[in-house]
Amino acid sequence: MEFRVLGPTEVTDGGRSLAIGGPKPRAALAALLLEANRIISVEGLVDAVWGEQPPPSAVNALQTYVSRLRRVLGAETLCRHPAGYRLVAEPDLIDARRFERLLAEARAALAAGDPSAGHRAAEQALALWRGPALLDVTDAPFAQAEIARLGELRLVAAETRVEAMLALGDVTGGVAAARALVADHPLRERGVAHLMLALYRDGRQSEALATYHEARRLLVDGFGLDPGDELAALAQAILRQDPELLTAPPPGAPVTVPPVGSATPPAADPSATPSTAGSARPRLVLPLDRFVGRDRELDEIRHRLATYRLVTLTGPGGSGKTRLAREVCRRLPQPVYVVELAGLHDAGLLEATVAQAFGLAVLSDLDAVAATVGDAEVLLLLDNCEHLTGALADVVLRLLTDLPGLRILATSQRPLGVGGERRFPVPPLPVDTMAVELFLDRAGAVAPDWTCGPEEHQVVTRICARLDGLPLAVELAAAQMAVLSPAQILDRLGRSLAITGTRPDLPERHRSLERTIDNSYRLLDGPQRDLFARLSVFADTFDLDAAETVAGADVLTPLTGLITGSLVATTGATAAPRRYRMLEILRAYADRLLGPVDRERLRHRHLDWALDLAHAADRGLRGPDALRWYRTLGAEQANTRAALAFALAAGQPLAGMRLATDLSWYWYHRGHLREGIRWLRDTIDATPGAPPVDRARALTALASLLYLAGRLEESGAANRAALDLALTAGDPAPVARAYIYEAYDLAMRGRTDEAATAGENGVRFARRSGADWLLSEALSTNGYLARARGDLETAAATLDEAIRVGTGIGYRWSVSSSHWFRAKVAADAGAADEAYRAALTAVRGLDDLEDVTGWLAALHLLAGTLGMTGRATDGAVLLGAVAGIGGRAGYSPELMDPYDSPREIAAVTTPLSPAAYAEAREVGLTMDREAVRAFLHRLTDGEPSA
């Protein structure tokens, strides 16, 4: 079976043309052929066939068309995929791909000095054409760009054929072929040069010169332009009858127009910049819009260019690489030459395109560039390289090798892969500052009467956050201000990211956020596309283990491709393990590539992964590796929240309750009290028939968070319900935990005898469970209970045992908590200095864990002991810090510990006047955690460690 698009769309089988339907089915088939062996989503096919405003029935109609095509072509050829459809065909079975291969062979043969093979390949390539490309689907939205591209390559093939004929000495045929080209394309200077050279070699000098003057007249009359320097040089050489014009090109060199007076370009002056470029080289064109922010990036890129010869700005489409690169170039002292590669798809034209940037004729090569530039200090900007990186690597390497004064600044979604290249990932704009500034600036252009008030400023900030600070997305959203308010824009973004722009000066690929991402997606191979879709299940950052567990075992290679292609970013080279992130707009795009079944399956795997992670963390937080687990759960907060939400929405409340229970200890220490209470209540309420052991663990977790929040009555009720359930479950661990909290609650109510009994039960069941972390907590609580009964000696001994057990297993929180109780015992005994040292030990231990709630409680106690030891002013500063940091975290030690907090506050306030206390406390209110650390360091400087 063969497929044809170089003319009307056609499918043949054994020479017989197959019936493929009317215009719309043909358009769908053509779109699939142009993306052969790649998956096209249903939405992508709808856009290809109908454009941006399809009819409501488009999807159903498309499915009908594809179904009919599958019956004709076979299901193994036109395959259905969860993400869309894929047409499977060897490239040579598609005439456009066979044509491109033959054209590449023709050009390679000419460059290798084999014009016979080049001519043969060019003839075979041109013979494939049966009329204009995609002749019967010209109205399809996707077709115009491909028609233009293939048409340009058809001209290149015809010109290559002429070059081969001239190299073979076929002057008569060369004249005829070149004349036909010039007749159809009279302003194409390459064809004019071919005709002039062919006529001159045929002994028709006057006709050759007349051809030049006719081309010049057309250019001047039509555009006010003179012919390029190279064409004028050829005319001068013909006028002089330069003998070099009759010489065939040397082996290994492409056919070029010789420079004036000699076949060898003059040696370049090392001290000079290229003088032949003149007005012919592409200029550095800067947009008229104001350049916003990026001062740090500008300085860093200039520094890298001063140090390295090849710097590549990478980032997803729309990240502002081109604008940033051009702004860098504008601020540099050396001459800048620009190669715009977005519209170039034939890698065989790279050398000629680079030569044009330096003012050389289109037929010139890199040798001519080297001879022209020499040792001059110049900068070459290669813009939009991502689709040509393989071929560009060789070109860049040759340029940097041959031109010692050359530096190259490239923009690409992926690195060029050349030795010595320095990659500079272009970050999104900071949302609260530069992104908002960019939005306001661009909005002012389309809505000059609009003034952004404080409330709308918050909405604009949310818009920029929704768009990840991606410059193109922010600019497109701001353009909507011509017809919409910020609130309307935000509402639309909440439902869709399909925002478009109408500015005619924008490249086509940048007039829609969807198209920009489409262009990036098309550069991916099959495994990269599949992984890109699967990674959308992660709500925020993720690591390699998570990706392998959720998205599949073999992800490293495609993940590497997604990172180098700027569709996935790393969050920092210093992180261990490395973490990765997709921008929200890319994640939303990737999510749409999944079918409903795949999406559901992936979210269940994501939930299972979160359950395993939280279960391991619940144990790890009570061991020597606790800090790593705190940081891991901190990094995974968005993912665990997404998993909890999915569990409830998908009818998996028991899984949600288990997940929330295992996360509760993290929430407890990080101060996420409201969030934890909400998730635990929602999942407990949704699982009335849960196994007793699960429900008991969840209720105890809820009780602990309610206790920290100062909601002591609710905490006690939840824990009593947990204890009743745990006693029926047969597992000693939840029984021990419930008794520990029951004892503590009873002691705070003054029911010390009942508390003592509960405490003893807690120790007994903890020993039975075999969990030393639980025993350490139980002993610590019993030490507090002995203190509540006034038995300070027993309290101290029990707390010392708790510290010993906790230290033995590396359970630093329990050890620090026991030191916290130890400080209270010492204060009860009137040993203020001992109380101060124990409180300081608790503060330092909890700070090492980056604990929040326990650290604040210990800091509150430390403030009290400072008052007890004659340093009330320092204590007042710390009370202020506790109030400020605790207020921001939503936690108050005074509410959690109503028994001892009044004494600690009184120890600070009593020695001070109200004014002195207020002044010192105000200092503390302004502190953050780092400032508190510095304050304590100054406070304890020279003191021995406790």
Peer 1: Whether Glu584 and Arg587 form a salt bridge (side-chain N of Lys/Arg under 4.0 Å from carboxylate O of Asp/Glu) is what I want to check.
Peer 2: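 Here Arg587 pairs with Glu584 in a salt bridge, since their nearest N and O are under 4.0 Å apart.
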Peer 1: Looking at Leu305, is its backbone amide N or carbonyl O close enough to the side chain of Arg407 to form a donor-acceptor pair, meaning the two atoms are under 3.5 Å apart?
Peer 2: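 Pair found, side chain donor or acceptor close to backbone of Leu305.
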Peer 1: Should the pair Trp450 and Phe439 be assigned to parallel (<30°), tilted (30 to 60°) or perpendicular (>60°) ring geometry?
Peer 2: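 Rings of Trp450 and Phe439: perpendicular, as their planes differ by over 60°.
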Peer 1: Below 4.0 angstrom, N of the basic side chain to O of the carboxylate: do Arg603 and Glu600 qualify?
Peer 2: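 No salt bridge links Arg603 with Glu600.
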Peer 1: Answer yes or no: is there a side-chain heavy-atom contact under 4.5 Å between Val852 and Tyr891?
Peer 2: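 Val852 vs Tyr891: side chains apart.
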Peer 1: Counting distance only, does the side-chain N/O of Arg534 pair as donor-acceptor with the main-chain N or O of Ala551 below 3.5 Å?
Peer 2: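 Side chain of Arg534 to backbone of Ala551: a pair is present.
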Peer 1: Using the rule given for salt bridge (charged side-chain N to carboxylate O under 4.0 Å, His left out), can you reason through Arg331 versus Glu327, listing the C-alpha separation, both sets of side-chain angles and the distance that settles it, and then say yes or no?
Peer 2: CA-CA 7 Å; Arg331 303 183 185 200; Glu327 188 65 21; 3.0 Å; yes
Peer 1: Assess the residue pair Trp50 and Leu62 against the criterion (side chain to side chain contact (heavy atoms under 4.5 Å, CB included)); give the C-alpha distance rounded to whole Å, side-chain angles, the decisive distance to 0.1 Å, and a yes or no.
Peer 2: CA-CA 10 Å; Trp50 282 279; Leu62 177 69; 4.1 Å; yes
Peer 1: State which residues pass side chain to side chain contact (heavy atoms under 4.5 Å, CB included) with Val459; sequence neighbours excluded, sorted by chain then number.
Peer 2: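 Checked Val459 against side chain to side chain contact (heavy atoms under 4.5 Å, CB included); matches are Ile463, Pro486, Leu490.
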Peer 1: So do Met481 and Ile489 actually touch side chain to side chain, heavy atoms under 4.5 Å?
Peer 2: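 Sidechains of Met481 and Ile489: in contact.
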Peer 1: Determine whether Leu29 and Leu33 make a side-chain contact, defined as any pair of heavy atoms from C-beta on separated by less than 4.5 Å.
Peer 2: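 In short, these two side chains touch, coming nearer than 4.5 Å.
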Peer 1: With salt bridge (charged side-chain N to carboxylate O under 4.0 Å, His left out) as the test, would you mind laying out the steps for Arg302 and Glu297 before giving the verdict?
Peer 2: CA-CA 8 Å; Arg302 287 202 298 267; Glu297 289 90 340; over 6 Å; no
Peer 1: Work out which heavy atom in Leu535 is nearest to a heavy atom in Met582; give both atom names and the distance.
Peer 2: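 Shortest heavy-atom contact: CB-SD, 3.6 Å.
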Peer 1: Please round to the nearest 0.5 Å and tell me the distance separating atom CG of Leu562 and atom CG of Asp525.
Peer 2: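 Going from the CG atom of Leu562 to the CG atom of Asp525 covers 8.5 Å.
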Peer 1: Check the orientation of Phe542 and Tyr580. Use parallel for under 30°, tilted for 30 to 60°, and perpendicular for over 60°.
Peer 2: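 Aromatic pair Phe542/Tyr580 classed tilted.
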Peer 1: When the aromatic ring centroids of His606 and Phe646 are compared, is their separation below 6.0 Å?
Peer 2: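 Ring-ring flag for His606/Phe646: false, centres at least 6.0 Å apart.
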Peer 1: Spell out, as yes or no, whether a donor-acceptor pair under 3.5 Å connects the side chain of Arg414 to the backbone of Thr564.
Peer 2: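 Pair absent, no side-chain N/O of Arg414 close to backbone of Thr564.
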Peer 1: For the side chain of Glu386 and the backbone of Gln413, is there at least one donor-acceptor N/O pair under 3.5 Å apart?
Peer 2: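 Side chain of Glu386 to backbone of Gln413: a pair is present.
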Peer 1: Any idea which heavy atoms bring Val339 and Leu341 closest together, and the distance?
Peer 2: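 Looking at all heavy atoms of both residues, the closest pair is CG1-CD2, 3.5 Å.
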Peer 1: Could you tell me whether a side-chain N or O of Ser485 sits under 3.5 Å from a main-chain N or O of Gln488, the two making a donor and an acceptor?
Peer 2: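 Confirmed, Ser485 side chain pairs with Gln488 backbone.
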Peer 1: Would you confirm whether Glu421, through its side chain, and Leu416, through its main-chain N or O, come within 3.5 Å as a donor-acceptor pair?
Peer 2: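 The answer is yes, because a donor-acceptor pair under 3.5 Å joins these two groups.
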Peer 1: Evaluate whether atom NE2 of His303 has more than 12 neighbouring non-hydrogen atoms of other residues, nucleotides or ligands under 6.0 angstrom away.
Peer 2: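 It does not: His303 NE2 has 12 such atoms or fewer within range.
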Peer 1: If you draw a 6.0 Å radius around CZ in Arg674, do more than 12 non-hydrogen atoms from other residues or ligands fall strictly inside?
Peer 2: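 Check fails, neighbour count at 12 or below.
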Peer 1: Val431 versus Leu429: any side-chain heavy-atom pair under 4.5 Å?
Peer 2: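 The answer is no; the side chains never approach within 4.5 Å.
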Peer 1: Tell me, do Leu382 and Leu409 make a side-chain contact under 4.5 Å, heavy atoms counted?
Peer 2: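 Not in contact.
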Peer 1: For a quick check under 3.5 Å, do Arg579 and Thr571 share a side-chain donor-acceptor pair by atom type?
Peer 2: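 There is no such pair (donor and acceptor under 3.5 Å, judged by atom type) between the side chains of Arg579 and Thr571.
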Peer 1: When you compare the side chain of Gln63 with that of Tyr85, does any pair of heavy atoms fall below 4.5 Å?
Peer 2: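 Contact flag for Tyr85/Gln63 side chains = yes.
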Peer 1: Rounded to the nearest 0.5 Å, how far does CD1 of Ile301 lie from CZ of Arg294?
Peer 2: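 With rounding to 0.5 Å, CZ (Arg294) is 8.5 Å from CD1 (Ile301).
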Peer 1: Any chance you could lay out the salt bridge (charged side-chain N to carboxylate O under 4.0 Å, His left out) test for Lys321 and Asp383, step after step, and finish with the verdict?
Peer 2: CA-CA 9 Å; Lys321 301 182 295 294; Asp383 201 11; over 6 Å; no
Peer 1: Just by modelled atom types, is the Ala479 backbone N or O under 3.5 Å from a matching donor or acceptor in the Arg442 side chain?
Peer 2: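 No, Arg442 side chain to Ala479 backbone: no donor-acceptor pair under 3.5 Å.
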Peer 1: Would you check if Val59 and Val46 make a side-chain contact, meaning some heavy-atom pair closer than 4.5 Å?
Peer 2: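 When only atoms from C-beta onward are counted, Val46 and Val59 do touch, with a gap below 4.5 Å.
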Peer 1: Measure from the side-chain N and O atoms of Thr411 to the backbone N and O of Asn384, and report whether any donor-acceptor pair falls under 3.5 Å.
Peer 2: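 Yes; judged by distance alone, with no hydrogens or angles, the pair exists.
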Peer 1: Search all heavy atoms of Arg529 against all heavy atoms of Ile39 and return the closest pair with its distance.
Peer 2: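 Of all heavy-atom pairs spanning Arg529 and Ile39, the closest is NH1-O, 3.1 Å.
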Peer 1: Tell me, with the steps shown, if Glu675 and Arg641 meet salt bridge (charged side-chain N to carboxylate O under 4.0 Å, His left out).
Peer 2: CA-CA 10 Å; Glu675 178 181 7; Arg641 288 165 181 160; 2.6 Å; yes
Peer 1: I'd like to know whether Leu45 forms a side chain to side chain contact (heavy atoms under 4.5 Å, CB included) with Leu32, so could you lay out the CA-CA distance, the side-chain angles of the two residues, the decisive distance to 0.1 Å, and finally the verdict.
Peer 2: CA-CA 8 Å; Leu45 272 178; Leu32 287 162; 4.1 Å; yes
Peer 1: For the residue pair Ala533 and Leu594, what are the closest heavy atoms and their distance?
Peer 2: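 Looking at all heavy atoms of both residues, the shortest contact is O-CD1, 3.6 Å.
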Peer 1: For residues Leu332 and Leu379, determine if any side-chain heavy atom of one lies less than 4.5 Å from a side-chain heavy atom of the other.
Peer 2: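 Yes, at least one pair of side-chain atoms sits under 4.5 Å.
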Peer 1: Around Arg462, counting heavy atoms of other residues, nucleotides and ligands shown, do more than 12 lie under 6.0 Å from its CZ?
Peer 2: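 No, CZ of Arg462 has 12 or fewer neighbouring heavy atoms, counting only those of other groups under 6.0 Å.
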Peer 1: Identify the two heavy atoms, one from Leu470 and one from Gly317, that lie closest to each other, and give their separation to 0.1 Å.
Peer 2: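 Looking at all heavy atoms of both residues, the closest pair is CD2-O, 3.8 Å.
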Peer 1: Does the Asp540 side chain pair with the main chain of Asn639, one donor and one acceptor, at a distance under 3.5 Å?
Peer 2: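 No, Asp540 side chain to Asn639 backbone: no donor-acceptor pair under 3.5 Å.
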Peer 1: Report the distance from atom CG of Leu567 to atom CG of Leu559, rounding to the nearest 0.5 Å.
Peer 2: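 These two atoms lie 11.0 Å from each other.
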Peer 1: Rounded to the nearest 0.5 Å, how far does CG of Leu381 lie from OH of Tyr337?
Peer 2: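 If we round to the nearest 0.5 Å, Tyr337:OH and Leu381:CG are 13.5 Å apart.
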Peer 1: Applying side chain to side chain contact (heavy atoms under 4.5 Å, CB included), run through Trp667 and Leu673 and close with a yes or a no.
Peer 2: CA-CA 6 Å; Trp667 292 330; Leu673 307 181; 6.0 Å; no
Peer 1: Go through the steps for Arg423 and Arg304 under the test side chain to side chain contact (heavy atoms under 4.5 Å, CB included), then give the verdict.
Peer 2: CA-CA 10 Å; Arg423 180 185 175 195; Arg304 293 196 185 193; 5.7 Å; no
Peer 1: When you measure from the side chain of Ser412 to the backbone of Pro415, do you find a donor-acceptor pair of N or O atoms at a distance under 3.5 Å?
Peer 2: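 Checked: no pair found.
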Peer 1: What is the distance from atom CG of Asp543 to atom OG1 of Thr570, rounded to the nearest 0.5 Å?
Peer 2: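 Between Asp543 CG and Thr570 OG1, I get 13.5 Å after rounding to 0.5 Å.
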Peer 1: Of all heavy-atom pairs between Gly656 and Leu644, which one has the smallest distance, and what is that distance?
Peer 2: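 That would be O-CD2, 3.4 Å.
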Peer 1: Roughly how far apart are Ile517 CD1 and Arg522 CZ, rounded to 0.5 Å?
Peer 2: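 Separation between the atoms: 12.0 Å.
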